[in-house]
Amino acid sequence: MPADPPLLAARGIESGYGKVQVLWGAELAVGARESVVLLGPNGAGKTTALKVLLGLMPAWHGTISFAGSDITLWPSDRRVRAGMAYMSEIGVFTALSIAENLTIGGQFAQPAALRRRLDILYDAFPDLAARRSAAAGSLSGGQRKMLGIAKALAGSPRLLVMDEPSAGLSPLFVGQVITILRQFHQDGLALLIAEQNVKFLDLAEHVITLEGGRTGFSGSVAALMADDALHRAYFGL
Amino acid sequence: MSPEPPPLLAVDRLVKRFGGFRALDGVSFSLKAGEVLGLVGPNGSGKTTCINTISGLYPPDGGAVRFAGERLGGLAPHRRARLGINRTFQSPRPFASLTVRQNVALAAAYGRRHGAGGTVSLAALLAMLELDHLADRRAEDLNSAQQKQLDLARALATGPRLLLVDELAAGLNPAELTRMAERLAALARDGMALLVVEHLLSFLDRLTDRVIVMNAGREIFEGTLAAATREPEVVRVFLGSDHAG
Amino acid sequence: MRDFLAVGLPVVVIFALLPLIYANQLLLFNFVLFLILAQGLNAIYGFTGYLPFGYVGFFGAGAYGFALAVMHLAAPPGLALALAGLAAIVLAMILTPLLRLSGAYFAIANLAAAQAVYQVIANPALQEITKGPYGVSLASVFAPRLSYGAALLILAGVFALVAWLRHGRFGLALQAGRDDPVSAAMAGIPVVSARIIAWLISALIAGLAGGVFAWHISVFYPETAFDLSFSIFAIVFTLFGGAATLTGPIAGVLLLYGLYNLIGISVPQYFQLIYGALIVGLVLFLPRGLASLLQRRGIDVP
Amino acid sequence: MLAHALLGGVIYGCYFALVGLGLNLVFGVMRIVNLAHGDVLMLGAYAAFFLFHLFGLSPFIAAPVVIVGFFLLGLPFYYLVVPRLALAKDAEMLSLILFFGIQQIIEALAAIAFGSSERSIPGRVLGIGPFHLLGETLSRAWVIGGAIAAAAVLALYLYLYHTRSGLLTRAVMASREEALASGIDMHRISARAFAIGLALAGLAGVFAPFMLGSVTPAMGTSVNLAAFAVIIVGSLGNPLGTVAGGLIYGVGLLLMQTYASAWADLLPNLLLIGVLLVRPTGLLGRRVRLA
């Protein structure tokens, strides 16, 4: 167990939409350079949890810290500046070009640093390099997902938070997404991935399940498999 | 051999497209009076689209919906309500500035089909859904569980023969869940047909054992709920891979 | 009916008696006129959420409907008044497709429509028919006491109508459609046709107001009958008092138009300034008007 | 006559593109309907009038002064008003009513301060003598007004497509939701767009005395209707689509003035209603949200 305080820690998070409460005291932690997969069926509150972590929705209760600062009340642009990146389920601006999407991802970087970063990303995503000025909307679903990842990585974040990267992807592309994420993770990127696709467990060092807006299981993949937490989270039967 | 009466609801190869995306890709099923059918599947599989199309919010792009033997075509939602089709919404949509009583009374006044539902009074309906003590409160002042009950009360006030239930369980506590399941079961016993979209399978399990599993706008399984959770294809769709068996 | 007897009728009676003790009948008439217009706007904005910036278009159509009926048909005032209402309804029917637009576009398109009607009527090319920019004179039917009485009758009818909208099934159905058109449809409410009926009713009220206005002042110009201030005043009075109530617009008219006259009409810009500031303040701090101060405390405002 | 009308129409088209530009930028970025847009234009016109008559400054000097001044006023004004609006349930409708109130305030203050008489600046301050273009003789003031408007449109294009801040602005226009998710500081970008919108309206105002005729405090409403016609005919929410709307409007206006001058005033209103009724999605592009 790492003795260091986690990179990101959320405690007792409650939140929701209007009067509809979705999260009822969720607990989450991601260590530096750690990869965490947040599993759960739809409606369990995964997207809401991620939005609260990024400041896109307010936390009604609870605290969030990142890299030693209490960020509970920070606006989202400040969180992104501090090293969090978020890839929503949409992930890209379809009306803008690939290069523009990446520049938006790296909006807070110095021009020279951004150029270097984009060179690295174009190497890692050759499909994108070939069509820099094409509109993101002209890409296939899988390529869009890749662009979404590249955009989120353009700001050289310490932690990448992703909402269902597998949504709408064929199994082949899911494999490619996992490969590319593993590559950046090995270079030190911490990951928090909300998924219902169990395939992403391949990438996980730690698994957390959300059940009805509360943290259910939290532990290693092996422990998850030993327990029947998985089946319970998904089928509740 | 007397011919079997037609089912109350018959959905025949229903197609609904949004741009190039096929939200419903040829779904067929039927439902008899007094029957409960569960509709499950991952997000985006087309469950709510199915309810929206049957209730008339979306015109279908192909296939047909027949109700009591009649093809509905492009019939407007308010006319479907008067035929006896009603629904609840995933997140409740009350008439926020009206009182609870006005919400339900309007549905009874406008939505009730001729000669239907005369047996249940407004007061009894409010009492049944534990809204009687809130009758004069504005709907916007209710909490989310109460708004869900109001949604159901309003749908029931129209005297439906077919009730489409969209994610009623989310956000209810265990005691509320139990009462809600009992209520829905009682409605079915009285002859109402129910199509229930639900993520919380344990809730569905108390209502029916007949389910359809959808994925990507298509039906991939029809059978009992227990069998569904053992079916590899269903498990794969729910978990996204064949990791767990 | 209770609201009408408690609130509407007393106001009508007071305005029926005031001429006995107060000589400025034109001012009293203007009060009655704005009471009618504010409630007419309330009928569409309060109950359906559609805000007609060009409400004055129906008022002007009514005024000219009345004038044309008198000038060309030699119609007696009663018939001319009916034709004034009809003119506004016809205009509203032509503009019914605007209801397909969402709020802001509806408001702007409606304003453009009012301007267009004004430009047609004021056009010198139509001088033969409308007298164009030179205005009309209806001295033959001038009868201020009669027209004041007619205005009071219209006011009583409008009060009764709004009281009915507040409690009747139809008005509740309109409000349901305003709150959520989708679930209103599932409650069996024909949202679109109900909205159209409210739209026509609201236009009719403005048309009658315009007709009785033409009758009462008898000499006027296109820019008088299509003065945008009629729209602005009706909106401000309704927003200030609280839409979708009977009392709100009445309070708005009595307080704000009272203030307007108390300080004196000589510098209308000061009122425009005050009204503008009021709108800004209302939107930012009290979007549901004075009535909501009471409603928030659970008090039902008739 | 036709060639003259078409050429004049293109010049006017450039000018009306500028009139609609700021309104469309503000709508595209904030989904706010700035009903005081025409009144801001009116203030720009008065600024030019007084700078000329009190200090003898030509509109060429008034233009940069107004652009900078209105931009600097726009920033605090944004923070004072807009963030509160964004919290509301129906922000678009509420913004309409709010800016309607602001319009009334501006109009009243202008009438109190400047009186209601018609003001103008002699056309000769923009240069003397007629202007010859493609064999037609045109008013020099028209040509200059149109050219400056075209330059302003080009400047906005360069800002939106060739600066990082412009890119973020387009990102917000493309998707507010994704812009938030990408960590874009919405308020900073929106405030800037709002201030630019006011500056563009002010600039259009500086040349209004030459393009629209005399200036009065009450001119805002008709300018607004023209501006709405332009952006609805063009492409709502996409500022550069405004150019097409402006050209259609300008050519239409000159043709009407040439061949049916008595009815020319009807054009903006009929165009606005006609487009909204026949093709609520706008002639060229983005949807007008339907009820």
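The sequence lines fix the lettering, A, B, ..., with proteins before strands; numbering per chain opens at 1. It should be emphasised that the depicted structure is a prediction, and the values quoted were computed from it without experimental measurement. Heavy atoms only: backbone and side chains are in, while hydrogens, waters and symmetry mates are out.
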Find out whether D/L85 and C/V283 are in side-chain contact, i.e. whether some heavy atom of one side chain is under 4.5 Å from a heavy atom of the other. yes

More than 12 heavy atoms of other groups within 6.0 Å of C/E223 CD: yes

So for D/I106, is it side chain, backbone, both, or neither that comes closer than 4.5 Å to the heavy atoms of chain C? neither

Using heavy-atom distances under 4.5 Å, tell me whether C/F53 contacts chain D through its side chain, its backbone, both, or neither. side chain

Give, as side chain, backbone, both or neither, the part of C/L239 having an atom under 4.5 angstrom from any heavy atom of chain D. side chain

Quick one: does any side-chain atom of C/Q119 pair with a main-chain N or O of D/D265 as donor and acceptor, under 3.5 Å? yes

If you count heavy atoms of other groups shown closer than 6.0 angstrom to OH of C/Y221, is the number above 12? no

Region of D/L272 in contact with chain C, defined by heavy-atom distances below 4.5 Å: side chain

D/V33 side chain reached by C/I108 side chain, heavy atoms, under 4.5 Å: yes

Using heavy-atom distances under 4.5 Å, tell me whether D/L98 contacts chain C through its side chain, its backbone, both, or neither. both

Which heavy atom of D/L96 sits nearest to which heavy atom of C/A107, and what is that distance? CD2-CB, 3.4 Å

Drop me the distance from D/F100's CZ to C/L111's CG, to the nearest 0.5 angstrom. 9.0 Å

With only heavy atoms counted, which part of C/P124 is less than 4.5 Å from chain D, the side chain, the backbone, both or neither? neither

Side chain from CB out, backbone as N, CA, C, O: work out which of these in D/E107 comes under 4.5 Å of a heavy atom of chain C, or both, or neither. both

Shortest non-hydrogen pair, D/L276 vs C/R100, comes out as O-NH2, 4.3 Å

Picking from D/A110, D/A229, D/A262, which has the most non-hydrogen pairs under 4.5 angstrom with chain C? D/A262

Measure distances from C/L278 to the heavy atoms of chain D and classify the residue's part below 4.5 Å as side chain, backbone, both or neither. neither

Near C/R288 CZ, under 6.0 Å, is it more than 12 heavy atoms from other residues, nucleotides or ligands? no

Minimum-distance pair of heavy atoms, taken over all atoms of C/L98 and D/I273: CD2-CG2, 4.3 Å

How far does OG1 of D/T221 sit from CD1 of C/I232, to the nearest 0.5 angstrom? 7.0 Å

Can you tell me if CD on C/Q127 sees more than 12 non-hydrogen neighbours from other groups inside 6.0 Å? yes

With a 4.5 Å limit on heavy-atom distance, are the side chains of C/F271 and D/Q104 in contact? no

So which residue, D/S95, D/A108, D/A111, ends up with the most heavy-atom pairs under 4.5 Å with chain C? D/A108

Pairwise distance CE(D/M93) to CZ(C/F106) - rounded to 0.5 angstrom: 8.5 Å

Heavy-atom contact with chain C under 4.5 Å, split by part of D/L270: side chain

Flag yes if more than 12 heavy atoms outside C/Y270 fall under 6.0 Å of its OH atom; otherwise flag no. no

Contact origin within D/L94 toward chain C - heavy atom pairs under 4.5 Å: both

Proximal component of C/A104, with respect to chain D [non-hydrogen, under 4.5 Å]: both

